[in-house]
Amino acid sequence: MTDTRVRHFIFHITIYDFCLCTFIFLLYFLCMNQHAQKIRVRFAPSPTGHLHIGGVRTALFNYLYARQMGGTYCLRIEDTDKERSTNANMQEILSALEWLGLSPDETPVIQSEHSQEHLEAADQLLREGKAYRCFCTKEGLEADKIKAESEKRAYRYSGRCRELSENEIQAKLDTGLPYTVRFRIPEGITRFKDMVYKDIAVNNEEIDDFIILRSDGSPIYQLSVVVDDANMNITHVIRGEDHLSNTPKQILLYLALGKKVPKFGHLPLILAQDGKRLSKRHGASSVDEFKEMGFLPEGLLNGLALLGWGDNMPKPIFSLDELIKRFDFARVNKKGAIFDPDKLAWINGQHLSRSEAKDMWPFVKPLWQNAGWIDPGFSDEDGIRYTDLLKSRIRLLNEFVLYGKYLFKDPLTFDMKAIDKHLQSPDIKKYISILSTSFQSLKSSSAEEMEAKLREVADMHEIKASMLIHPLRIAVTGFGVSPDIFKICEILGLETVIRRLNLLKIFLV
RNA sequence: GUCCCGUUCGUUCAGCGGUUAGGACUCAGGAUUUUCAUUCCUGCAACAGGGGUUCGAUUCCCCUACGGGAUACCA
């Protein structure tokens with residue numbers, strides 16, 4: 001073989017290898033893509049009341065997981081309970097989610113608009129003998145329940161209609177007897193691996209043949225969720241722990257309908273202060289209430305994320321983006337969590353002091369406008385300056401109202417605790433007078449000049465500067481706590497400061 | 001009643017067979033701030049009880065107690 005031929009031979013091998021490698025890689029890539037199905041999650045509230053923090057936490061974890069996995073976060077309104085669902089509630093849920101920044105990636109699915117699909121699923125089960133018509137009356141069933149209870153026996157559906165013959169069914173149908181449709185629970189054990197609760201196994205004998213269609217023909221939740229989740233291609237069902245015991249029933253439905261069973265992740269419940277379940281009548285606060293209390297969306301979300309999940313960082317303050325990065329199902333715990341309003345407020349305060357004044361001003365402006373202190377035309381520059389001054393001592397936005405008032409109005413009341421603590425010197429009125437007269441000699445209202453003047457007066461009378469600073473603060477703000485008092489004086493101007501000093505003097509008499 | 005799940009400071013999150021049981025919030029004390037708040041430091045404070053398994057259990061198993069969920073023609 002000549003050199004050229006050898007070279008040709010090698011060249012061909014290389015080309016061949018290259019093609020083969022490319023082909024294998026492409027094949028692998030295609031397969032991976034097919035298997036690494038894109039993650040789809042959903043938050044599915046029912047519009048039977050306000051959106052409360054338990055719901056928000058569920059929405060949040062769905063959102064975090066979707067974002068982290070590059071998946072899609074969907075919303076479904078479960079309004080099959082026509083008695084209790086209202087449109088107003090639905091709108092409120094939507095706007096609350098928007099405020100929180102948890103709006104869905106796709107148009108929300110309204111469950112009631114899909115009842116046809118639910119009915120078809122029930123029909124399919126009926127045809128395949130996986131469900132059956134039950135002609136038992138509500139009253140009869142109720143009587144069975146009462147009887148079981150009086151005998152201290154667990155109530156189970158009698159199974160009366162389970163094995164009705166074709167003829168019997170037809171006869172009942174002919175007489176126009178109303179019926180419900182029950183799902184026939186197969187024998188066996190239903191197992192699944194929950195993302196939080198790990199291995200769960202339930203003996204199917206424990207599950208009654210539950211109703212999937214009411215006697216008026218409307219579908220029931222258990223059926224609707226399964227059909228909708230399957231139709232929406234939901235891959236991960238992330239919801240409250242109260243659904244853990246429903247899951248085996250739903251898995252059985254998926255199987256009966258020939259649908260792919262999604263993965264499940266159940267979240268521990270958020271409990272009221274006394275450890276009881278949160279409900280509308282019991283400690284459940286709506287998102288609106290938190291908004292009114294002065295929470296930032298990010299602060300509320302941060303606080304809620306820390307319920308049932310923790311990163312064990314010394315400072316548990318996370319932005320939404322940081323939460324997306326850090327969130328991990330392996331760290332979600334199984335214990336129900338009581339939320340602590342104090343800690344929630346502290347977390348919000350941390351977010352507040354982390355934020356720039358210019359970002360907070362849009363939240364503060366309407367508060368001050370509503371209070372009637374500023375016009376819509378109030379300059380943003382001043383607003384941001386004021387916000388910046390106040391923000392270090394504030395945990396909740398509405399404290400901008402409480403502690404911001406003195407920037408616009410003379411205080412009408414004074415903090416008695418502060419007076420007791422700082423204004424007990426017998427000479428206090430004398431000091432206030434001296435301060436107010438000495439301020440009159442100033443040419444400008446600058447913070448530096450006022451501070452220098454105050455010090456000079458203190459030195460002259462051989463007293464500590466704090467003997468004058470405290471009365472000044474109380475006179476100007478009405479509170480024992482405030483940001484840099486000289487900066488506040490600068491904003492207010494000499495005339496106002498002097499007037500307020502005199503007001504305090506009068507008050508002390 | 002039955003089934004499922006859970007149980008670490010007051011609250012929350014750590015710990016995944018050997019730790020002085022850790023962090024955060026709250027509370028108390030101190031430092032800084034000429035003052036208050038912020039910030040920083042220090043402190044108080046917990047493995048529900050009983051059996052196993054193991055050289056050794058907060059950690060694994062069982063029982064009891066307590067709590068929660070499900071058991072609906074609610075979702």
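Computation of the quantities below employed the complete heavy-atom set of this structure, encompassing side-chain atoms and omitting hydrogens, waters and symmetry-equivalent molecules. In what follows, chains are A, B, ... by sequence order, proteins preceding strands, each numbered from 1.
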Partners passing side chain to side chain donor-acceptor pair (under 3.5 Å) against [X] (at least two apart in sequence or in another chain):
X	result
A:N204	A:T190
A:K505	A:S433
A:Q250	A:Q222, A:R239

If we count only N and O atoms by modelled type, under 3.5 Å, do the side chains of A:H351 and A:S319 hold a donor and an acceptor together?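 Result is no, nothing qualifies.
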
Can you check the distance between B:rA14 and B:rA21, where both ends of the measurement are the C1' atom (answer in whole Å)?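 That atom pair is separated by 10 Å.
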
Under 4.0 Å protein heavy-atom contact, by nucleotide of nucleotides 22-31 of chain B - B base, S sugar-phosphate only: BSBBS-----

Once each nucleotide of nucleotides 69-75 of chain B is scored for protein heavy atoms under 4.0 Å, what B/S/- sequence comes out, 5' to 3'? BSSSBBB

Starting the side chain at C-beta, find the nucleotide from B:rC5, B:rC13, B:rA37 nearest to A:I200.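 The nucleotide sitting nearest to the side chain is B:rC5.
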
Among A:D81, A:D228, A:D79, find the one that has a side-chain hydrogen bond (donor to acceptor under 3.5 Å, both in side chains) with A:Q111.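 It is A:D228, the one option of A:D81, A:D228, A:D79 that forms the side-chain hydrogen bond (donor to acceptor under 3.5 Å, both in side chains) with A:Q111.
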
According to a strict under-4.0 Å criterion, is A:K391 in side-chain N/O contact with OP1 or OP2 of B:rU38?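 Checking B:rU38 against A:K391, no side-chain N or O comes under 4.0 Å of OP1 or OP2.
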
Give a yes/no on whether any side-chain N or O of A:N333 is located under 4.0 angstrom from OP1 or OP2 of B:rA14.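 Answer yes for this pair, as a side-chain N or O of A:N333 is under 4.0 Å from OP1 or OP2.
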
Looking at every strand, decide which applies to A:N203 at a 4.0 Å heavy-atom threshold: base, sugar-phosphate, or nothing.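 Nothing, no nucleic acid heavy atom in range.
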
Taking ring pair (Phe, Tyr, Trp, His ring centres under 6.0 Å) as the criterion, tell me which of A:Y65, A:F61, A:Y197 meets it with A:F329.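 With A:F329 as partner, ring pair (Phe, Tyr, Trp, His ring centres under 6.0 Å) holds for just one option, A:Y65.
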
When you measure from every atom of RNA chain B, which of residues 348-358 of chain A have a heavy atom less than 4.0 Å away?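 A:Q350 - these, ordered by number, are the residues of the stretch whose heavy atoms sit under 4.0 Å from the strand.
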
